Student: 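I am attaching a structure below and will ask some questions about it afterwards.
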Amino acid sequence: VVVRVRGINSLSSDNQPLYVIDGFPMPPYTEAAAPNTSGSYASNGLYGLNPSDIESIEVLKDASATAIYGSRAANGVILISTKRGKTGDAQIEVISKTTVSRMSNPYNMMPDYQYAEMKNQSYLDAGQPAPLNVDSIRNANNSTDWLSLVTRNALRQETSVNYRGGSGKTNYFLSGTYLVENGVVKGSDNKRGSVRFNLNTSFKKWYDARVQMSATRARLMRAITENGGWPFAGGPIFDALRSSPLHKNNTEFIGDVPDQYGGVTLSQNPFVNPLQELLDKTDYTYNDQVLGNIDNVFYLTADHNLELHAVLGGSLQNSERKINLPPWLGSARIYDGLVIQSSAKTQSFNSTVFLTHKAEKGAHRFNSTGGVEYTNIVLDMNSGVGKGINFSSIALYNLGSALNQSVTSYKEESVIQSAFLRENYSFKDRYLLSLSVRADGASKFAANEKWGFFPAAALAWNISEEKFMQ
């Protein structure tokens, strides 16, 4: 999912907004990458979130967004609240969704006899005799539509079970979701399971706890692996579009063969069975995410007008990608087989401590907030590549069996320390004033510019409260 709140602010950096789920700012999630391959990405904070668990969504896009969330809010902020338990009898909700997908307006591919007519014409234009018997090809009625062979009508099934309830001082929400999704291109699918547990409880008159926990496990199988240059750029989709309908889906031919039919050269490029390209390789990605967050609320006065919040949260996101390209496929032909194993692990910790104070005096209302925040994010990436595979069946689990091996690694750590103040004032609920300021000290900032300050002010007039509007 790609979301743009404040447009595109950078040509090279991420333009995704900051996602805050139940008060926890989601770190950027990086999927395991692999050299010269397609598909890896830095996903947004919606990863692993079940849409049926969402209670509400709020979008912050003006200047106050950066005043509240600082430098991370340059692209806007999306606040998401998940469902909570409700006091009363326990409720069970079962949601099942089934969707069928297909290609929209697929190309109408040329049948074999028309292709033969076109090829004959190219020979005649070159002053050579027509080499193909069009009538014989038409009567055989054995044309191959490669695009239809590599695509399909895809089924998507998602089942969710929610259990919620509460009694006395405690309420709870528990949900589980399992998704099975087949891609329109054969050899692609997505399987994901997730669970979420939210708990609100009041231990004492002066102390409440709000707990959120979630876990997600996903397995993605990709149909398109490579994004290298010609002739490997297009992969099975491009090969399906350019392959001659005269060729048959004969899986006895492994790898590329001369692009010929009945001794007639159809093109100077080798022919590779597009369906074999999809089914004879391995490209799996396993993504795991665990998230926990607790908001400790201490009521410092009997009327609950003065509150101290101590929020602690952390997440662990782990991604692994496993690729095995046989010696005859794509760029693996250059290396006589190619095996890649890569991983990316993102660890995030966030702690926020703040005070809130509410006061009323006549028609005047004040709501004050002040606090500090600390965020630490660590990204660790590793990749191993094996070239020259003698035993393709075991190479994926034993890179040492490859004739040539290479290993790369990368690690980065970022820290943000912040302080913030915010004051909201209203008079008769008609005239509103908001003042806020935030200071961010970030390790990613330049050496002599480690701190950024984000002030904001806003005025509002609630005209519906005026007497002449009543």
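Please read all numbers here as calculations on a predicted model, not as lab measurements.
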Student: Using atom types as modelled and distance alone, determine if a side-chain donor or acceptor of Arg210 lies under 3.5 Å from a backbone N or O of Asn198.
Tutor: no
Student: Check Asp53 with Lys83, please: is the shortest side-chain N to carboxylate O separation under 4.0 Å?
Tutor: no
Student: Could you walk me through whether Thr201 and Thr170 pass side-chain hydrogen bond (donor to acceptor under 3.5 Å, both in side chains), step by step?
Tutor: CA-CA 4 Å; Thr201 185; Thr170 302; 2.8 Å; yes
Student: Can you list every side-chain hydrogen bond (donor to acceptor under 3.5 Å, both in side chains) pair that touches residues 308-317, not counting sequence neighbours?
Tutor: Asp295-His309, Glu307-His309
Student: Return the set of residues passing side-chain hydrogen bond (donor to acceptor under 3.5 Å, both in side chains) with Gln212 (not counting sequence neighbours), or none when no residue passes.
Tutor: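 Applying side-chain hydrogen bond (donor to acceptor under 3.5 Å, both in side chains) to Gln212 gives Asn293.
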Student: So which pairs with a foot in residues 448-464 pass salt bridge (charged side-chain N to carboxylate O under 4.0 Å, His left out), sequence neighbours left out?
Tutor: none
Student: Could you pull out all residues at least two apart from Glu320 that satisfy salt bridge (charged side-chain N to carboxylate O under 4.0 Å, His left out)?
Tutor: none
Student: Does Asp208 have any salt bridge (charged side-chain N to carboxylate O under 4.0 Å, His left out) partners at least two apart in sequence or in another chain, and if so, which?
Tutor: none
Student: How would you list all residue pairs meeting salt bridge (charged side-chain N to carboxylate O under 4.0 Å, His left out) that involve residues 412-429, not counting sequence neighbours?
Tutor: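 Checked against salt bridge (charged side-chain N to carboxylate O under 4.0 Å, His left out) - neighbours excluded - the pairs reaching residues 412-429 are Arg365-Asp429.
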Student: Give me each pair satisfying salt bridge (charged side-chain N to carboxylate O under 4.0 Å, His left out) with a member in residues 345-358, each pair once, sequence neighbours excluded.
Tutor: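 Residue pairs passing salt bridge (charged side-chain N to carboxylate O under 4.0 Å, His left out), neighbours aside: none found.
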Student: Taking only residues two or more places apart in sequence, or in another chain, which ones meet Ser319 in a side-chain hydrogen bond (donor to acceptor under 3.5 Å, both in side chains)?
Tutor: Asn287
Student: Name all residues meeting the salt bridge (charged side-chain N to carboxylate O under 4.0 Å, His left out) criterion together with Asp145; count only those two or more places apart in sequence or in a different chain, and write none if there are none.
Tutor: none
Student: Who are the side-chain hydrogen bond (donor to acceptor under 3.5 Å, both in side chains) partners of Ser343, not counting sequence neighbours?
Tutor: none
Student: Looking at OG1 of Thr177 and CD1 of Ile95, how far apart are the two atoms once the value is rounded to the nearest 0.5 Å?
Tutor: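 So the gap between those two atoms works out to 8.0 Å.
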Student: Output all residues satisfying side-chain hydrogen bond (donor to acceptor under 3.5 Å, both in side chains) with Asn296, sequence neighbours left out; order by chain, then residue number.
Tutor: Tyr207
Student: Can you tell me how far apart OH (Tyr374) and CG (Asn350) are? Round to the nearest 0.5 Å.
Tutor: 10.5 Å
Student: Give a yes or no on whether a salt bridge exists between Glu31 and Arg222, defined as a side-chain N under 4.0 angstrom from a carboxylate O.
Tutor: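 Looking at Arg222 together with Glu31, the answer is yes, because their closest N to O distance falls below 4.0 Å.
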Student: Tell me the closest heavy-atom pair linking Leu199 and Asn171, and the distance in Å.
Tutor: CD1-O, 3.4 Å
Student: Report the residues that fulfil salt bridge (charged side-chain N to carboxylate O under 4.0 Å, His left out) with Arg156, sequence neighbours left out, ordered by chain and then residue number.
Tutor: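 Salt bridge (charged side-chain N to carboxylate O under 4.0 Å, His left out) check on Arg156 returns Glu158, Glu181.
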